[in-house]
There are 2 protein chains.
Amino acid sequence: MLNTPSAPTILDVAARAGVSKSVVSRVLRGEYGVAVATRDKVRAAAQELGYVVNSVAQSMVTNRTRTIGVFVRDAAAPFYSQLLTSLQEQAAIRGYGVVTATGAGRFAGPDENTAIARLVSLRVEGLVVSSGLLPSELIAQYASRIPIVLAGRPEQNPTFSSIYCDENVGGASMADHIAALGHTRVAVLSLARETSIPQFMRSEAMIRRLGDLNIETLRLSAEEYSEARIAGAPAVVSQMLKHPEYTALLTPSDRWAIAVLENMRSRNLTAPGHLSVTGYDGIWPFTTDLIGLTTWRQPVGEIGVLAINSIADQIEGALSHPIHQSLNGELIVGRTGGPPPVR
Amino acid sequence: MLNTPSAPTILDVAARAGVSKSVVSRVLRGEYGVAVATRDKVRAAAQELGYVVNSVAQSMVTNRTRTIGVFVRDAAAPFYSQLLTSLQEQAAIRGYGVVTATGAGRFAGPDENTAIARLVSLRVEGLVVSSGLLPSELIAQYASRIPIVLAGRPEQNPTFSSIYCDENVGGASMADHIAALGHTRVAVLSLARETSIPQFMRSEAMIRRLGDLNIETLRLSAEEYSEARIAGAPAVVSQMLKHPEYTALLTPSDRWAIAVLENMRSRNLTAPGHLSVTGYDGIWPFTTDLIGLTTWRQPVGEIGVLAINSIADQIEGALSHPIHQSLNGELIVGRTGGPPPVR
DNA sequence: TTGTAAGCGTTATCAA
DNA sequence: TTGATAACGCTTACAA
């Protein structure tokens, strides 16, 4: 704004209280060694002026910002938005604020790099990166400077930490579940690796396990770069209709499963009556009993908590090396997966 | 971290390039008046050192942070989390970053004040406040310093802006809809004003309109302070069962409607077979056709865009006074609301 | 218990 | 085209 009255500084408070700025600084930070009378005078002056400390100047000298940077690729995706909430909460508990940056684009590109560089330039004390795509070299580039944790993607890079839910276990469990229901021909939607590494990994894990179980597998593919609005579902369902011998469709995200189910509904197809459909992530509210989605739950809240803790521990010196933690997920048995239809 | 190699400064770059820091500053900001050879030398040096500008120091002298602060009361609530995403995106478009703070507690209390003060101390250039509770005097207190917009709550305070969706129109429309379906006895869940001002307002608007239409109205109440996990639904449904002559239940949020529907499902009750249920907010994914919720859609994306624009315009001097904008919502006719059951 | 003064990493002004 | 030098608002020795 052009003519905003500039905020009062420590000097204004000092002048008003009739003391030096050092005293004000000490009072405001609650340090000892200040006469009670002086202390009260200063506090009153600060109050009257509506003084709020300038953290920018403060950081300048203390070299601390008490801020953690969070980069998520697609804030509109349910998994990320829920992670964001969890990170937020835990950061507050540990006494840190959160600055968020998001990638916009379709590919991990210069934008992503700029966004991360911006966080670093803000002198965040740690970085939580959650992107299914961002190249690990790019992340590693900042790792010598501040602690970094990659949340939600397995990556055993020694220079930064990672917290994730094992994609192989999840994918295989889902395959086991669908096999146990009696399906012998199963389709798996597998997105390109360039779309999302973890989603690619889980689909491949499903396909691998189905192969081990001697189940005939159909690999479907689709391109989709934002989880928020999935457009490819009609095409996927059409594919399935061309291969009616395949009685189940395993998708790599709840969002995909819902889009498929919505499209099926518009064609008067039901799950599992016509086709069993499963999701992945187990994110509320997709797990509502009203929908009854069969899915694999990733402990997103826990991922957030552990991510912040590992960062905070490193900042505070309680942890000196990057750690890699794999968490357990959980199969959620809903009503969209069932025995194959009798034909 | 204890022994992090401290980040290279402009001085390190200057030394390496064999020039003064002033030249480095000019080169890095792309200013004219630097010899091409010098420019290249400096850029190379910066690159080699992995130099990243210190925005903290930069802000110190420019007195700009290009950052907008966002305060939401409950980041886990679908409405807020979606708003957050929209704010984020639009801020990026306008060239600003976003720092988020969230209130934790049950009441608007000192926590909230601290959180806002923290944002102000970070020298954000504007503030988006989205809380159904935060007293407007508290907000106004900072309004002389930076532009503020209250998002999602009607409040005609002259010192700051507001962008919201008219609660009276929304509540009345929902009442009209349920009346048109033929209900003559309708229950409305009305939360205490202390829980959420907008939710209170819309419920009261429903009750008022139902009264105008000579419909017998039953006011139910419940306490609930976080939208994320609603615990009061079983009690509400039990209340309804005690008053079977009431054939519809209007709730003040999608979250509440879903919780009620889930509980009904567990009791083998259907909507609208046994009871018509409506939500409010119209937030995806609650609006999925799989659930078919009847609700009132608030244009949350638009609220976010307009909120950021009004802040950015004020920061940039394109707008000199706070503005108050009321947006239109939209009735979403789903399948959870229908004609009253024939008994 | 209080005050003085140096310095954090930049930008910006003014000379050279 | 470049380089000194003074801010910016605060913390932090150190001196009084």
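Below, read A as the first sequence line, B as the second, and so on, with proteins coming before strands; counting in each chain starts at 1.
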* **Rounded interatomic separation in angstrom, taking CG from A/Leu49 and P from D/dG9** => 14 Å
* What nucleotide among C/dT2, C/dG7, D/dA6 has an atom nearest to a side-chain atom of B/Lys21? -> D/dA6
* Asked: What do you reckon, is CG of B/Asn63 surrounded by more than 12 foreign heavy atoms closer than 6.0 Å?
  -> no
* Compare the minimum distances between each of D/dC10, C/dT2, C/dG9 and the side chain of A/Val23, then state the nucleotide with the smallest one. => C/dT2
* Asked: Base, sugar-phosphate alone, or nothing: which one does B/Val19 contact when heavy atoms must sit under 4.0 Å apart?
  -> sugar-phosphate
* Asked: Is any side-chain N or O of B/Arg29 closer than 4.0 Å to OP1 or OP2 of C/dA12?
  -> yes
* **Electrostatic pair A/Asp12:A/Lys21 at N-O distance under 4.0 angstrom** => no
* D/dC8 P sits how many Å from B/Arg123 CZ, rounded? -> 14 Å
* Kindly confirm or rule out a cation-pi arrangement of A/Arg153 over A/Tyr164, judged by NZ or CZ under 6.0 Å from the six-membered ring centre and within 45° of its axis? => no
* Asked: Quick one: is C/dT10 close enough that its OP1 or OP2 comes under 4.0 Å of any side-chain N or O from B/Tyr51?
  -> yes
* To do: Please tell me which of B/Val34 and B/Thr62 maps to the more 5' nucleotide of DNA chain D, matching each residue to the nucleotide holding its nearest heavy atom.
  => B/Val34
* Structure fact -> Closest to the side chain of A/Val53, out of C/dG3, C/dG9, D/dC10, is D/dC10
* Please confirm whether any donor atom in the side chain of B/Ser25 sits under 3.5 Å from an acceptor in the base of C/dA12, or the reverse. => no
* **Nearest-nucleotide 5' precedence on DNA chain D, A/Arg26 against A/Thr9** => A/Thr9
* To do: Indicate, with a heavy-atom threshold strictly under 4.0 Å, whether B/Ser59 touches base, sugar-phosphate, or nothing.
  => nothing
* Asked: Going through the distances and angles, do B/Ile10 and B/Tyr51 end up as a side-chain contact (heavy atoms from CB on, under 4.5 Å)?
  -> CA-CA 8 Å; B/Ile10 207 178; B/Tyr51 172 82; 4.3 Å; yes
* Structure fact -> Out of C/dG7, C/dG9, C/dA12, minimum distance to the side chain of A/Val61 belongs to C/dG7
* What's the closest nucleotide to the A/Ala57 side chain, out of D/dT5, C/dT10, D/dC10? -> D/dC10
* Asked: Please give, in whole Å, the distance from D/dG9 C1' to A/Asn54 CG?
  -> 6 Å
* Asked: With sugar-phosphate meaning primed atoms plus P, OP1 and OP2, does B/Tyr32 contact a base, only sugar-phosphate, or nothing at under 4.0 Å between heavy atoms?
  -> nothing
* Separation of C/dT10 P from A/Asn63 CG (nearest whole Å) -> 11 Å
* Nearest to side-chain heavy atoms of A/Ile10, which nucleotide of C/dT10, D/dC10, C/dT4 -> D/dC10
* Asked: To the side chain of A/Met60, which of C/dT4, D/dT2, D/dG9 is closest?
  -> D/dG9
* Asked: What's the CZ-P distance between A/Arg64 and D/dT12, to the nearest Å?
  -> 12 Å
* **Protein-nucleotide distance (A/Gln58, atom CD; C/dG9, atom C1'), rounded to Å** => 17 Å
* **Separation of atom CD in A/Glu31 from atom C1' in C/dG3, rounded to whole Å** => 15 Å
* Rounded to the nearest Å, what distance is computed from the CG atom of residue A/Leu11 to the C1' atom of nucleotide D/dT11? -> 13 Å
* Go through D/dG3, D/dC10, C/dG3 for me and flag the one nearest to the B/Ser22 side chain. => D/dG3
* Asked: Would one find more than 12 heavy atoms of other residues, nucleotides or ligands at under 6.0 Å from atom CD of B/Gln156?
  -> yes
* Classify the nucleic acid contact of B/Thr38 as base, sugar-phosphate or nothing, counting any heavy atom under 4.0 Å across all strands shown. => sugar-phosphate
* Knowing that exactly one of A/Val70, A/Val99, A/Ile116 qualifies, which makes a side-chain contact (heavy atoms from CB on, under 4.5 Å) with A/Leu127? -> A/Ile116
